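Below: the structure, in structure tokens.
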Amino acid sequence: MDTRFDPFLWETKLYTKWEQSGLFRAPLTGKPYTILMPPPNANASLHAGHGMYTVDDIMIRYKRIKGFSALWIPGMDHAGLETQFVYEKHLAKEGKSRMDFDRKTLYNNIATFVRENSGLIYDQFRRLGFMADWNRSVFTLDPHVLTRVFETFKKMEQEGLVYRDNYMVNYCTHCGTSLAELEVQHETRIDPLYYIRYPLRKASPLQDKTGYIVVATVRPEPIFVDTHVAVNPKDKKNKHLIGTIVLNPLTDTPMEIIGDSYVDPDFGTGVVKLTPAHDQNDFTVAKKLGLPIVRAITLQGRIDQNGGAYAGMTVKKARAAVVEELKRKDLIEKIDTNYEHAVTVCYKCKRDLEPMIIPNWYIKVESLKKSAIVAIQKDAVQFHPKKYKRHILQWLRAMHDWPISRQNAWGIRIPVWYSVDDNPHMHVVFLDSKGNSVQGEIHTLLKKHSFDTIETGLQRVSPPNDATYVVSHNKPEGTQYLQETDTFDTWFSSGQWPLVTLREDEYQTRFPTDMMGTLADILNFWVSRMIMFSLYLQHTVPFKHVYLWSMVADSKGQKMSKSKGNVLNPIQLVDQYGADAFRASLIFGLSQGGKVILADEKVRAMRNFANKVWNIGRFILLQKSHSVPLSGTPRDKQSEKIIKKMNTEYEALEKKYEKNMEAFKLSPAFNGVYDFLWHRFADVYIEQLKKAVLAGDEEARLALEKTYMAAARLLHPFMPFVTDAVYESYYGVDTSIISSNQT
RNA sequence: GGUCGCUUAGCUCAGUUGGUUAGAGCAUCCCGUUGACAUCGGGAAGGUCGGUGGUUCAAGUCCACCAGCGACCACCA
């Protein structure tokens with residue numbers, strides 16, 4: 001044995017040995033223990049957050065050593081929105097965009113892109129020593145997954161849980177897609193607040209005062225479609241205005257002032273313009289009162305044909321132009337340039353979102369979430385740390401119907417088909433044979449273009465809200481059908497992850513699975529959906545325990561982010577200090593809230609510990625050659641006493657360790673072993689027995705070896721390489737701590 | 001604005017049901033190297049446990065209020 005533990009000498013060698021001796025597959029005997037790996041994005045490369053998958057590996061190794069048939073199934077996610085976003089950035093570099101391709105070509109190109117860029121993360125997981133059954137990897141676009149997703153959708157559709165409806169969604173005009181509530185980010189910003197004069201109609205009895213009323217808004221650009229203005233009926237200052245007619249400052253169209261309680265009397269002037277097609281609140285009010293809902297902005301983020309002179313302008317340009325016009329007409333009372341408000345931005349591209357009305361597919365969640373809530377309340381799923389039980393319950397109770405459609409090509413296309421005969425007014429966008437974008441209603445388009453041309457070049461279908469459709473995995477026979485171009489939300493497929501990863505027969509023995517370890521960020525996105533789907537389809541929860549960690553931070557507790565420049569590359573740390581050191585540093589000092597501190601000095605400290613473990617082993621082994629034949633007991637009573645005390649202390653350690661591990665308190669479990677090995681075993685017991693051992697007392701040495709190896713078994717899940725390297729040095733190249741309980 | 005959480009050594013955090021001199025890692029300082037390990041060993045310094053008040057024989061631990069920080073959710077015309 002060398003004087004130092006050299007990770008690079010051992011890591012590849014040991015990993016290959018583990019893999020070749022079949023240790024990654026679940027043993028045929030033993031009680032099942034199952035973990036499904038949260039599938040990383042297929043084209044991802046390892047970041048600090050993935051390092052925490054170590055938690056899964058720790059539990060798998062821990063259970064394996066204890067003789068369980070522990071199985072860890074890996075997988076990869078197609079990650080619809082995220083992957084397409086990355087791909088489109090590549091396209092942009094070549095001066096192209098997704099609009100240059102028909103849907104099918106775009107999909108195939110992304111598929112190729114993903115294939116070329118996937119697999120890297122598995123190599124990196126191997127570097128970390130992960131003991132997953134790589135041969136069983138599942139991809140969320142595998143055929144059997146598609147089948148399962150289709151069947152789930154069909155079942156839900158048949159049971160009336162699916163509906164299609166016009167809905168106000170947060171729409172990102174850049175990404176060309178709607179976003180779910182959770183994908184929306186709020187950002188505080190300072191924007192000008194315009195106080196705009198709305199002239200009173202001549203006949204108005206109020207005219208003799210000022211001749212106008214003032215409305216405050218940050219969004220003057222869609223005013224031309226506005227038809228109503230509102231005040232709060234309880235607002236003493238303004239309620240007398242109800243029923244008054246003012247003129248639209250851009251179009252001179254008469255507008256009625258209505259009363260509704262949602263208006264905040266204290267905001268601005270207490271008078272609000274209503275733009276139902278582009279504002280969530282206004283939309284709600286308009287629906288309630290039956291007011292007209294007129295769109296002013298296209299899905300591309302430009303003013304549409306209703307905008308007259310502004311038609312075709314981007315929102316930003318139109319805003320400036322509208323303000324100019326209003327200034328010319330002397331209709332701007334004042335501009336508050338220091339108005340702070342929150343805007344919604346796209347979680348991917350950070351651009352402003354437009355509230356838009358588009359038909360979307362929805363899942364009714366009322367019954368689904370109810371059973372999830374009951375299961376969680378009964379602790380059928382337990383959360384670690386416990387606080388997340390409250391979090392998820394709170395979120396589930398507030399959960400609205402789930403919009404599952406995304407205007408995204410990369411994903412599982414919704415298995416719905418629209419007959420062109422039955423839906424003549426369906427709006428269609430496609431590329432003709434020359435690559436020109438053509439759009440219009442299908443019955444008009446079919447007069448000039450063949451169905452095949454349209455289907456081949458298809459980019460998007462936008463069927464009216466009342467369109468008829470057929471649910472089918474494959475294209476229906478008979479008449480001409482176009483398939484829905486929307487794809488399922490990523491969480492619709494990954495929410496069924498626990499239902500597509502096991503083999504049919506394993507649902508008897510391995511379901512519910514034992515643990516799900518994942519980032520707390522996606523507790524609501526993902527964990528809640530898995531629980532709902534599993535209860536709906538399998539009538540049981542998908543896992544018994546959920547282990548959550550939150551963001552990875554640097555040594556000062558600052559969240560790691562590219563803009564802060566404090567991001568550490570895990571693989572670089574592994575190269576520098578070894579996988580054991582990296583793994584242990586994530587667990588050591590893991591705070592209760594789950595915040596993970598990753599810092600160079602921490603990894604270095606753990607590298608030192610790995611070396612210490614190695615050298616303890618080296619010392620005990622080295623003394624073996626000095627030994628004399630066994631006598632049965634240590635030579636002196638003093639040594640016997642020390643050994644007894646050491647064993648008692650070890651037993652206490654093991655007991656505490658077990659308790660912590662079963663409660664997923666990994667940090668205290670690891671800390672206990674760290675403390676024992678370094679500051680009790682090495683600093684105290686070895687020192688006390690050193691004289692005897694050096695004098696050739698083999699009994700004393702054996703006692704040390706026994707306790708050391710026992711502690712190494714406790715340490716192995718956290719630091720698999722150094723512990724197995726020592727084990728192999730002692731007992732030969734064919735041995736491993738993992739299977740040591742079987743010998 | 002709502003909900004929850006946090007505040008203990010220079011930094012990041014432990015402190016189990018209230019019970020002797022409040023701990024760890026890193027950082028700092030001093031001493032030590034011929035046999036396991038300098039990626040080490042021995043030692044030291046450093047905390048009125050956010051503030052105020054209360055319960056108690058006893059409070060870092062329980063309660064109230066205050067201050068600061070954070071997370072999530074919601075709203076913002």
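Chain letters run A, B, ... following the sequence lines, proteins first and then strands; every chain starts at 1. If you're wondering where the values come from, they're calculated on a predicted model, not measured in any experiment.
- A donor-acceptor pair is defined here as one N or O able to donate and one able to accept, closer than 3.5 Å; such a pair exists between the side chain of A:W614 and the backbone of A:D2.
- Annotation: cation-pi pair A:K690/A:F619 present, NZ/CZ under 6.0 Å from the ring centroid and within 45° of its normal.
- Not a single ring-ring contact (aromatic ring centres under 6.0 Å, His included) links A:F681 to another residue, sequence neighbours left out.
- Here A:Y674 lies in heavy-atom contact (under 4.0 Å) with sugar-phosphate atoms only.
- One P atom belongs to B:U39, the other to B:C49, and the distance between them is 38 Å to the nearest Å.
- Between the CZ atom of A:F681 and the P atom of B:C40 there is a distance of 18 Å, given to the nearest Å.
- Phosphate contact (OP1/OP2 of B:G42, side-chain N/O of A:H679, threshold under 4.0 Å): absent.
- Taking atom P on both B:C4 and B:C13, the two are 23 Å apart, rounded to the nearest angstrom.
- A:R701 and A:E705 are joined by a salt bridge, as a carboxylate oxygen and a charged side-chain nitrogen come within less than 4.0 angstrom of each other.
- For A:T3, the side-chain atoms get nearest to B:C37 when compared with the rest of B:U3, B:U39, B:C37.
- The side chain of A:Q623 places an N or O atom within less than 4.0 Å of a non-bridging phosphate oxygen (OP1 or OP2) of B:A36.
- At the phosphate of B:G41, OP1 or OP2 sits under 4.0 Å from a side-chain N or O atom of A:W678.
- A:E601 has its CD atom 11 Å from the P atom of B:U28, to the nearest Å.
- Regarding A:Q576, its CD atom lies at a distance of 14 Å from the P atom of B:U39, rounded to whole Å.
- Pairing analysis of RNA chain B (Watson-Crick: purine N1 to pyrimidine N3 plus N6-O4 or O6-N4; G-U wobble: N1-O2 and O6-N3; both under 3.5 Å) yields stems of 3 or more pairs at B:1-7 with B:67-73, B:10-13 with B:23-26, B:28-32 with B:40-44, B:50-54 with B:62-66.
- Against RNA chain B, the stretch residues 606-620 of chain A makes heavy-atom approaches under 4.0 Å through A:R607, A:N608, A:N611, A:K612, A:N615, A:I616, A:R618, A:F619.
- Among the atoms of the strands shown, none is found under 4.0 Å from any heavy atom of A:V215.
- The A:L694 side chain lies nearest to B:A36 when the options are B:A38, B:A24, B:A36.
- With distances taken from any side-chain atom of A:D683 to the nucleotides B:A24, B:G41, B:C26, the minimum falls on B:G41.
- Ion pairing of A:E654 with A:R713 is absent here, as no side-chain N (NZ or NE/NH1/NH2) approaches a carboxylate O to less than 4.0 Å.
- As rounded to the nearest Å, B:G5 and B:G41 have C1' atoms that lie 42 Å from one another.
- Taking atom OH on A:Y388 and atom P on B:C72, their separation rounds to 10 Å, with Å as the unit.
- Using the six-membered ring where Trp is involved, A:F224 and A:Y310 have ring planes that are parallel, under 30° apart on the 30 and 60° scheme.
- When the C1' atom of B:U39 is taken as reference, atom NZ of A:K602 falls 18 Å away, rounded to whole Å.
- Listed by chain and number, the residues in a salt bridge (charged side-chain N to carboxylate O under 4.0 Å, His left out) with A:E366 amount to none (sequence neighbours excluded).
- Residues meeting the side-chain contact (heavy atoms from CB on, under 4.5 Å) test with A:S528, sequence neighbours left out: A:I392, A:W395, A:L396.
- Heavy-atom distances to RNA chain B give each of A:H391 and A:F588 a nearest nucleotide, and the one nearer the 5′ end belongs to A:H391.
- In this structure, A:R4 and A:A682 both approach RNA chain B, and ranking their closest nucleotides by distance from the 5' end singles out A:A682.
- Across the protein-nucleic acid pair, A:E687 atom CD and B:G42 atom P stand 8 Å apart, rounded to whole Å.
- Taking the P atoms as reference points, B:U8 lies 15 Å from B:U52, given to the whole Å.
- Nucleotides B:C63 and B:U21 are separated by 24 Å at their P atoms, to the nearest Å.
- For the side-chain contact (heavy atoms from CB on, under 4.5 Å) test with A:M255, the passing option among A:I223, A:T244, A:I245, A:D226 is A:D226; the others fail.
- For the pair A:K665 NZ and B:C13 C1', the computed distance is 16 Å after rounding to whole Å.
- When atom types are taken as modelled, the side chain of A:K389 and the backbone of A:F383 share no donor-acceptor pair closer than 3.5 angstrom.
- Taking the P atoms as reference points, B:A9 lies 8 Å from B:G50, given to the whole Å.
- In this structure, CD of A:Q394 is placed 7 Å from C1' of B:C73, rounded to the nearest angstrom.
- For the C1' atom pair drawn from B:G47 and B:C11, the interatomic distance equals 14 Å after rounding to whole Å.
- Separation of the C1' atoms belonging to B:A14 and B:A24 is 7 Å when rounded to the nearest angstrom.
- Within the structure, ring pair (Phe, Tyr, Trp, His ring centres under 6.0 Å) pairs that include any residue of residues 687-723 of chain A comprise A:W18-A:F721, A:F670-A:F718 (at least two apart or interchain).
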